[in-house]
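Before any comments, here is the structure.
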There are 2 protein chains.
Amino acid sequence: MTAAASELTEPVKPLRADAQRNYDKLVETAREVFAERGTEGSLDQIAKRAGVGPGTLYRHFPTREDLIGALMRDWSARVVADSEAVIGAGLPARETLQRWFLALVEHLTLHRGAAVTLTAAMDDPGSPIHGKCQALAAANRHVLDHLAEDGALRKGVEARQVMRLVSGVATIADAAGIPPDEVESLLGIVIDGIVADPAGG
Amino acid sequence: MTAAASELTEPVKPLRADAQRNYDKLVETAREVFAERGTEGSLDQIAKRAGVGPGTLYRHFPTREDLIGALMRDWSARVVADSEAVIGAGLPARETLQRWFLALVEHLTLHRGAAVTLTAAMDDPGSPIHGKCQALAAANRHVLDHLAEDGALRKGVEARQVMRLVSGVATIADAAGIPPDEVESLLGIVIDGIVADPAGG
DNA sequence: ACCTGAACACCGTTCAAGT
DNA sequence: ACCTGAACACCGTTCAAGT
């Protein structure tokens, strides 16, 4: 609900036909360039490849983060869907966390270098992508709350901190090129750090 | 011993008087600029502030990492000293890890943005700072091995993975400006993830 | 209302010319 | 052997001129 609302705060007023065409072309091209070069890919090249002047890019996307936000249109929705799917599967705590953390890492590494940007945006209300990151945080809280109800988590474990740890794993994994199975192992340690001991709740 | 050796592989042949002066001035200035702007600070500005032409900077430091390496001269030694101090203190496992991880984070955030660079260099033998990062990794292994001998760690915990987790925390902390007490709490979760349960070894 | 593209400041990198 | 600084290619950003 709140996620859907934040999704809708995007492009309100209709654009002139040519403007809309340029907007779409820019987003599409940005997706390409970011996929190749990571989130720090050249804006100049995006404009050139899209066949528009640099001013046009700046008119539509005043900052780089505005552009990143534009190509994340259905991102929050997918994140939320994943969280619900994971909860709905009704698996034991460890498996639930394993699945969910892997999904988180995947969403955070949307493009090379994205994880740091997204994590920083979580703590920066002024960021154009702050809303999307909040949706991610909310989904994470949702999953953890669900597990906490069953007493599966250690006391004092905060969703925000878990989010940051997983972001850290995503950032490092993407920067150092850590292979998938080792990422799983990293997440395994985090999971061991937050699940309740079998003995005391 | 190995750390000291790697420390000595630095400037072997003596430089001409003027070259040595420029070298020192560049390192000093780089330290300033990196402290202000982080590891991505402008090389151009470093050369300008040091009062030398850009070519002089490139002659001494062909890549940015070479420059970073130069201002890390006694870094590895300090890291190793910290690891030995922590082990020597003879504290219980949890306190030992708490102290050591805090030291690690501090060393990894030498300058803003340094943590990612250092972590990436750990897995890249071609990097000019690979040796220093290996020293860090070795010190970490040393501490963990010490704790493992007492059976204080879970089975299957690998030093390399722990190193990466702490790097992740350092990276995120520095990128998102996480306050020190929350950093401690993040490290606390990692510690919970690697220490053995009171019951089974 | 929107686009173009020239213009500016900045940066990394190279290299011929100097001493 | 070392330094200088011009030169090149690239980038982000702005803005006057156009339609």
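Residue numbers start from 1 in every chain, and the chains themselves are labelled A, B, ... in the order their sequence lines are given, proteins ahead of strands.
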Under the salt bridge (Lys or Arg N to Asp or Glu O under 4.0 Å) test, which residues partner A:Lys25, sequence neighbours left out? none
Partners of B:Asp124 by salt bridge (Lys or Arg N to Asp or Glu O under 4.0 Å), sequence neighbours excluded?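 With sequence neighbours excluded, B:Asp124 shows a salt bridge (Lys or Arg N to Asp or Glu O under 4.0 Å) to no residue whatsoever.
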Set of residues satisfying side-chain hydrogen bond (donor to acceptor under 3.5 Å, both in side chains) with respect to A:Glu158, sequence neighbours excluded: none
What pairs with A:Arg49 under side-chain hydrogen bond (donor to acceptor under 3.5 Å, both in side chains), at least two apart in sequence or on another chain?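 By the side-chain hydrogen bond (donor to acceptor under 3.5 Å, both in side chains) rule, A:Arg49 matches A:Glu36.
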Is there a side-chain contact between [X] and [Y], using heavy atoms and a 4.5 Å cut-off?
X	Y	value
A:Arg164	A:Asp123	yes
B:Leu165	B:Ile194	no
A:Leu57	A:Tyr23	no

Using a 4.0 Å cut-off to any heavy atom of chain B, which nucleotides of DNA chain C are the first and last in contact, reading 5' to 3'? C:dC11 to C:dC15
Is there a residue in residues 51-63 of chain B whose heavy atoms reach under 4.0 Å of DNA chain C, and which residues are they? B:Pro54, B:Gly55, B:Tyr58
I'd like a table of donor-acceptor pairs (distance under 3.5 Å, sequence neighbours excluded) in which one partner is a side-chain atom from residues 81-88 of chain A, with atom names and distances.
from, atom 1, to, atom 2, distance (Å)
A:Asp82, OD2, A:His107, NE2, 2.8
A:Ser83, OG, A:Val80, O, 2.7

Counting only heavy atoms not in A:Arg64, do more than 12 fall under 6.0 Å of its CZ?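 More than 12 within 6.0 Å, yes.
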Dot-bracket for DNA chain D, 5' to 3', Watson-Crick and G-U pairs with both distances under 3.5 Å, [ ] for crossing pairs, | for partner on another strand, reads ||.|||||...|||||.||
Only pairs at least two apart or in different chains count here, so list each side chain to side chain donor-acceptor pair (under 3.5 Å) that has a residue in residues 38-47 of chain A.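 Checked against side chain to side chain donor-acceptor pair (under 3.5 Å) - neighbours excluded - the pairs reaching residues 38-47 of chain A are A:Asp44-A:Lys48.
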Donor-acceptor list for residues 136-146 of chain B side chains, cut-off 3.5 Å, not counting sequence neighbours:
from, atom 1, to, atom 2, distance (Å)
B:Asn140, OD1, B:Trp100, NE1, 3.0
B:Asn140, ND2, B:Ala159, O, 3.2

Partners passing side chain to side chain contact (heavy atoms under 4.5 Å, CB included) against A:Val195 (at least two apart in sequence or in another chain): A:Arg94, A:Leu97, A:Ile191
Enumerate the residues from residues 32-44 of chain A whose closest heavy atom to DNA chain D is under 4.0 Å, giving them by residue number; use none for an empty result.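 Contacts with DNA chain D under 4.0 Å: A:Ser42, A:Leu43, A:Asp44.
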